[in-house]
Amino acid sequence: MPEQRDYFQEVYEVVRLVPKGRVTTYGSIARYLSLRAGARMVGWAMNGSHSHPDVPAHRVVNSVGVLTGKHFFGGPTIMQQLLEDEGVKVEDDRVVDFKTRLWDPSTELGL
DNA sequence: GCCGTGACGAAAT
DNA sequence: TATTTCGCCACGG
């Protein structure tokens with residue numbers, strides 16, 4: 001059983017804190033956890049989120065609100081439907097009103 | 001230990 | 001605004 005690095009777990013924990021109907025970004029998580037690795041490693045960490053049922057990876061998008069990881073949900077429309085089911089409108093693979101929907105841990109958790 | 005890859009980000013064009 | 005270029009660094013081969 002390959003145990004991922006500790007920061008993998010930390011990333012999952014932060015993602016679980018994302019409220020329903022909100023989204024966050026890889027970069028925000030990386031900055032909140034002070035990951036030198038950068039935003040890319042957050043995405044890499046999400047790659048192992050399939051083993052973590054309580055990790056709403058569909059609420060994690062890139063800096064411009066694009067659903068870059070939608071293809072990893074077993075289909076090109078799964079992620080979008082999950083978001084819309086939570087009240088997050090998605091159009092052209094982008095979160096509508098992304099700037100308002102953004103949930104930044106460093107801000108919402110009161111850094 | 002080097003090399004290619006990647007669910008990213010920011011700046012330049 | 002879309003595309004390109006570069007920087008970032010962990011992981012697998």
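Throughout, a chain's letter reflects where its sequence line sits, starting with A, and its residues are numbered from 1.
- A/Leu35 pairs by the side chain to side chain contact (heavy atoms under 4.5 Å, CB included) definition with A/Tyr7, A/Val11, A/Ala30, A/Leu33, A/Val42, not counting sequence neighbours.
- Not a single donor-acceptor pair under 3.5 Å links the side chain of A/Thr24 to the backbone N or O of A/Val60.
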**Q.** Nucleic acid footprint by protein, nucleotides 7-13 of chain B - heavy-atom cut-off 4.0 Å, B for base, S for sugar-phosphate alone
**A.** BBSS---
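- Counting non-hydrogen atoms under 4.0 angstrom, A/Arg94 reaches the backbone sugars and phosphates but no base.
- Rounding to whole angstrom units, CG of residue A/Leu35 and P of C/dG7 are separated by 22 Å.
- A distance of 10.5 Å separates CZ of A/Phe8 from CE of A/Met46, quoted to the nearest 0.5 Å.
- Within the structure, salt bridge (charged side-chain N to carboxylate O under 4.0 Å, His left out) contacts touching residues 71-93 of chain A (residues at least two apart or in different chains) are A/Arg59-A/Glu86, A/Lys70-A/Asp93, A/Asp92-A/Arg94.
- With rounding to the nearest 0.5 angstrom, the CD1 atom of A/Ile29 is 9.5 Å from the CG atom of A/Asp104.
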